[in-house]
Amino acid sequence: MQTIDSSKPVCVTGASGYIASWIVKLLLERGFTVHATVRDSDKASSVAHLRKAAQGASGKLVLFDADLIKPGSFKAAIEGCELVIHTASPFVIRGFTDPYAALVRPAVEGTENVLDSCNAVQSVKRVVLTSSVASIYGDAIEILKVPGGIFTEQLWNNTSSEGHQPYSYSKVMAERKAWDICQEQSRWDLVTINPSLVMGPSLTTQTQSTSIDVMRDLGSGRQRTGVPMLEFGIVDVREVANAHILAGLNPKAEGRFILSAHTASLLQMAIVLRASYPEYPLPARQLPKFLVKLVAPIAAGVSREFVQKNVGYALRFDNSRSKDVLGVQYRPLTETLCDHFQQMIDDGLLKRR
Ligand code: NAP
């Protein structure tokens, strides 16, 4: 059980990212000094939204350069911190040829590097790691066999690999590595946040996060002809950010926390959005699975195995620990989706039909 001194700085890794920049913003608004790591603090697009978040906030932003695959590069940012929130890790599911280099190496080696520095810096008492429900299950079909038909924190993804669901593999291997390293010492404890698909407004247009791709694909007309019956757990980025801070500061927080507010298919998301944005080319129908399987490798760059094991399954997530232990309150799905869509329109990322 750790008590964190809130006068000490908090380190947030990958601070420029979609989720992390919200964590930084909330910490700054609550008066914390934030040691924010980015890959290149001279790159204006990586840090402009962080500097904006710092303006008028009572906390203080201090930027550090750090790269996941460079050993020791997080140490300076971690110095003096009792709480380290490790969020940096690539969230991409297409556009790469080498899954090890694109995903697994930065996720696993990066976690090892950050935690090695936590071991080296005596001030660290707690690490909050951004894991994922991808560390809990690999393919949606697994819902048919899990106890009670619901994904819980007791479960681990044992089915993903570099060749099949490499992003999920990167997340489960990184989380396992973190628990292994944590168990070898007793000064700091580990809490993991395991969100489902995170949606909601982004503070930056620069992120590579797949969350943004999902919304762009829905609203850009790319899926005008229809969408597969792919269901997601969905959670608002503001709740996810808040949960990291609650997990960091609550002495009773321990173990893993699923963060997931709702489940919805792509079509259900489009229906919610169309009610407020009828002038955008949102998908209006669901494609049959056999057709999706036929065209998926070329049209979407995903394998037939992925379609077979993920299209057509309804998901359920147990979010009770997040509510009971952390006190997370989830907002309605409509608010999450519409705030996200509106932000993308305001930032010029979506056009009317
Ligand atoms: P994001 O905006 O792409 O953020 C990823 C961050 O990782 C970026 O800040 C990126 O830095 C950093 N990063 C990537 N490779 C790096 C490297 N080699 N060295 C240092 N930093 C590196 O994506 P996100 O959605 O916010 O994801 C953040 C975390 O949440 C990830 O761990 C992801 O797995 C997890 N997560 C996301 C979701 C979701 O739906 N979005 C759901 C569950 C879990 P640059 O800005 O320099 O590229």
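FYI, the numbering just counts along the sequence from 1. Quick note: numbers below take in every heavy atom, side chains included, and nothing from hydrogens, waters or symmetry partners.
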Practice prompt. Go through the steps for Arg216 and Asp213 under the test salt bridge (Lys or Arg N to Asp or Glu O under 4.0 Å), then give the verdict.
Written response: CA-CA 5 Å; Arg216 192 187 288 117; Asp213 296 339; 3.1 Å; yes
Item to complete: Output all residues satisfying side chain to side chain donor-acceptor pair (under 3.5 Å) with Arg222, sequence neighbours left out; order by chain, then residue number.
Response: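 Asp217.
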Worksheet, complete the sentence: Sequence neighbours excluded, the answer for side chain to side chain donor-acceptor pair (under 3.5 Å) partners of Asp139 is His164, Gln165, Asn310
Discussion item. Test question: given the 4.5 Å side-chain rule for I, L, V, M, F, W and Y, name all other residues clustered with Phe317, or answer none.
Written reply: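 Traced through the cluster, Phe317 reaches Val133, Ile136, Tyr137, Ile141, Ile143, Leu144, Val146, Phe151, Leu155, Ile258, Tyr313, Leu315.
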Practice prompt. Hey, could you give me each pair passing side chain to side chain donor-acceptor pair (under 3.5 Å) that has a residue in residues 283-294? Not counting sequence neighbours.
Written response: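 Only Lys293-Gln308 qualify under side chain to side chain donor-acceptor pair (under 3.5 Å).
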Worksheet entry | Selection residues 8-26 - residue pairs positive for side chain to side chain donor-acceptor pair (under 3.5 Å), sequence neighbours left out |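 Every side chain to side chain donor-acceptor pair (under 3.5 Å) pair that includes a residue of residues 8-26, provided the two are not neighbours, is Lys8-Glu82, Thr13-His86, Lys25-Glu29.
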Quick one: side chain to side chain contact (heavy atoms under 4.5 Å, CB included) partners of [X], sequence neighbours excluded?
| X | answer |
| --- | --- |
| Pro251 | Met1, Thr3 |
| Asn242 | Leu26, Arg30, Leu246 |
| Thr192 | Leu129, Ser131, Glu175, Trp179, Leu190, Asn194, Arg256 |

Practice prompt. Decide, yes or no, whether a salt bridge links Arg321 with Glu254 under the criterion of side-chain N to carboxylate O below 4.0 Å.
Written response: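 Between Glu254 and Arg321 there is a salt bridge, with a charged N closer than 4.0 Å to a carboxylate O.
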Worksheet item: Is the closest side-chain donor-acceptor distance between Ser41 and Asp65 under 3.5 Å?
Response: yes
Discussion item. Whether the Tyr330 and Ser322 side chains hold a donor-acceptor pair (N or O, under 3.5 Å, no angle test) is what I'd like checked.
Written reply: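 Yes, because at least one side-chain N or O of Tyr330 sits under 3.5 Å from a partner of the opposite role on Ser322.
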Item to complete: Please name all residues satisfying ring pair (Phe, Tyr, Trp, His ring centres under 6.0 Å) with Tyr169, sequence neighbours left out, ordered by chain then number.
Response: none
Side chains of residues 276-284: which donor-acceptor pairs under 3.5 Å do they make with residues two or more places apart or in other chains?
| unit_1 | atom_1 | unit_2 | atom_2 | d |
| --- | --- | --- | --- | --- |
| Tyr277 | OH | Cys338 | O | 3.4 |
| Tyr277 | OH | Gln342 | OE1 | 2.8 |

Fill in: Where at least one partner belongs to residues 58-79, residue pairs that pass ring pair (Phe, Tyr, Trp, His ring centres under 6.0 Å), sequence neighbours excluded
His35-Phe64
Item to complete: Quick one: list whatever passes salt bridge (charged side-chain N to carboxylate O under 4.0 Å, His left out) with Arg274, sequence neighbours left out.
Response: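 For Arg274 there are no salt bridge (charged side-chain N to carboxylate O under 4.0 Å, His left out) partners, ignoring immediate neighbours.
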